[in-house]
Amino acid sequence: MQKLTLSRLDVASKRVLMRVDFNVPQDDHGAITDDTRVRASLPAITEVIRRGGRLVLCSHLGRPKGKKDPKYTLAPVAKRLAELLDRPVVFVSDCVGPEAEKVTGALKDGEVALLENVRFYAEEEKNDAGFAQKLAKMGEVFVNDAFGTAHRAHASTVGVTKFLKSAAGPLMEKELRALGGLLENPKRPFVAILGGAKVSDKIKVIENLSKICDRILIGGGMAYTFLKAKGLPIGRSIFEADTLEVAKRLTSPKILLPEDHVVAAEFKADSPASVVTNIPDDRMGLDIGPATVSTYLGILKGAATVVWNGPVGVFEMPAFAKGTRAIADCLANSKATTVIGGGDTAAAVTDFGLEARMTHVSTGGGASLEFLEGQELPGVAALSPA
Ligand code: AMP
């Protein structure tokens, strides 16, 4: 790490403003349906408590559009965190201002407070310097452990670093180490599997990885834009007309496309499925076919490093989940270093109960994609040097 880390930051008896990712999914009544992100922050939180810091946590939750909206309050998260830590967590009903300053200023060593949603202020997403300065008053040092928002230059990820000594938390460090290892010095053969709905989201990832990887296996909805670019029939499959020219340019012997497909007449779970090599006009491709699975698994079995971003089919529908499942199983049983991008791919691997059998499952969808594009993440670039 070329950046300062929490382990090297002096936190004893200091107010530590820590940006975490508590953007948890909730049901219609505001109950937390998955507390993975809260749990993922526990190592950073317990480290500060153990070392006698006074912890002031901040996060965003949902998209309240710069206004105070009780639907997006972090109060239930404070409660959940207190249960997980088995100690009190003071919930502060504003993230800036005199009341918040008073409450956070009164914290004692080892005590924990959680500030209200930083996105209740429009200035947060604008990375407004005045707002960042007010937020920075809540701490004497800053720790960013929110990898999932590191690709956004917001007041709570970048702005505050102008005012406070700033370090990476352990979750951030782990993510950067796992993803950084892929780009810097991967063990070879290094294979990427890229899927998901849209090519446009992943063009820069394909461009960057085609310089680094030995093989790129394409699946999912994005495969059809590539197949069409080669003049092959894609029937009614999803494809992006705007990206067709780019797809034509992206051809490289390293890039493999599906050779057969599971197709159906409609985008529906119960639409009768069949396997084809050439997609008929009235069918759409919804999963990679068995021959493609076999080719891809053969390549993956010989890999020393694998990165996977994007499901290779509509895995939410069981009839079209076989390809994604086969790849997940293959990686779970592999001795290779296996890194799973966040978002849908992480959700698929978790659904299959295989998360613990991967080397690393990223907590940040957008952030991991931008990292794989070879871009420096603003939230990381802004941290103090090591
Ligand atoms: P993304 O967010 O771009 O990674 O896309 C993930 C979504 O792509 C998932 O919800 C999948 O259901 C969807 N997907 C994967 N394969 C296909 C396909 N062949 N046709 C339509 N959608 C697909």
Side-chain angles (χ1 to χ4, degrees), residues 25 148 151 192-207 209 216-230 232-244 246-247 250 256-293 296 307-328 331 339-352 361-373:
H151 59 312
I193 313 156
L194 298 174
K198 291 195 191 159
V199 197
S200 48
D201 289 347
K202 288 176 191 151
I203 289 168
K204 288 193 199 139
V205 177
I206 300 171
E207 278 172 349
L209 289 183
I216 299 182
L217 314 178
I218 304 272
M222 67 187 240
Y224 303 105
T225 302
F226 282 101
L227 292 168
K228 185 153 175 105
K230 286 186 125 185
L232 294 163
I234 62 162
R236 296 172 54 223
S237 309
I238 170 175
F239 103 100
E240 287 167 277
D242 298 353
T243 322
L244 207 54
V246 183
L250 273 177
L256 262 72
L257 298 175
E259 59 204 83
D260 63 345
H261 316 271
V262 181
V263 297
E266 285 175 285
F267 190 86
K268 277 192 184 155
D270 57 359
S271 188
S274 56
V275 174
V276 298
T277 310
N278 291 309
I279 303 174
D281 287 348
D282 60 350
R283 292 284 185 276
M284 57 180 78
L286 295 174
D287 194 7
I288 55 174
T292 308
V293 169
Y296 285 8
V307 60
W308 181 17
N309 195 304
V312 296
V314 185
F315 75 98
E316 299 92 336
M317 302 179 189
F320 312 110
K322 289 195 188 90
T324 303
R325 174 87 218 197
I327 287 177
L331 299 191
V339 178
I340 313 298
D344 279 309
T345 329
V349 167
T350 309
D351 267 9
F352 299 151
V361 180
S362 179
T363 54
S368 67
L369 264 187
E370 287 196 21
F371 195 97
L372 295 176
E373 287 173 1

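Note that ligands are numbered from 1 as they come in the structure, with each ligand's atoms numbered from 1 the same way.
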**Q** Looking at atom 22 (N) of ligand 1, what's its closest protein heavy atom, distance included?
**A** V314 CG2, 3.7 Å

**Q** Got M317 and L286 here, is their nearest side-chain heavy-atom distance under 4.5 Å?
**A** no

**Q** List every atom of ligand 1 that sits less than 4.0 Å from any heavy atom of G196, numbering the atoms from 1 in the order shown and giving each element.
**A** 1 (P), 3 (O), 4 (O), 5 (O), 6 (C), 8 (O)

**Q** Answer yes or no for Y224: is there a heavy-atom contact with ligand 1 below 4.0 Å?
**A** yes

**Q** Could you list the atoms of ligand 1 found under 4.0 angstrom from a heavy atom of I238?
**A** 20 (N), 21 (C)

**Q** Heavy atoms only: give me the nearest D351-F315 pair and the separation to one decimal.
**A** OD2-CE1, 4.1 Å

**Q** Could a heavy atom of G313 be found less than 4.0 Å from some atom of ligand 1?
**A** yes

**Q** When you compare ligand 1 with A197, is there at least one nitrogen or oxygen pair between them that comes in under 3.5 angstrom?
**A** yes

**Q** In the protein, which heavy atom is nearest to atom 17 (C) of ligand 1, and how far is it?
**A** G221 N, 3.3 Å

**Q** Please report the closest heavy-atom contact between Y224 and D287, naming both atoms and the distance.
**A** OH-O, 4.1 Å

**Q** What heavy-atom pair brings P258 and L227 nearest, and what distance separates the two atoms?
**A** O-CD2, 4.0 Å

**Q** Distance-only, no hydrogens or angles: does the Y296 side chain make a donor-acceptor pair with backbone N or O of L256 under 3.5 Å?
**A** yes

**Q** What about V312: any of its N or O atoms under 3.5 Å from an N or O on ligand 1?
**A** no

**Q** Are T277 and D260 linked by a side-chain donor-acceptor pair shorter than 3.5 Å?
**A** no

**Q** Over all heavy atoms of both residues, which pair between G195 and M222 is shortest? Give the atoms and the distance, please.
**A** O-SD, 3.4 Å

**Q** Is any N or O atom of G285, backbone or side chain, closer than 3.5 Å to an N or O atom of ligand 1?
**A** yes

**Q** For atom 9 (C) of ligand 1, tell me which residue out of K202, E316, M222 has the closest non-hydrogen atom.
**A** E316

**Q** I'd like to know whether CG of D282 has more than 12 heavy-atom contacts from other residues, nucleotides or ligands below 6.0 angstrom.
**A** yes

**Q** One residue to check: F267. Relative to ligand 1, which of side chain, backbone, both or neither has a non-hydrogen atom less than 4.0 Å away?
**A** side chain

**Q** Write out the residue and atom name of the closest protein heavy atom to atom 6 (C) of ligand 1, then the distance separating them to 0.1 Å.
**A** D344 OD2, 3.1 Å

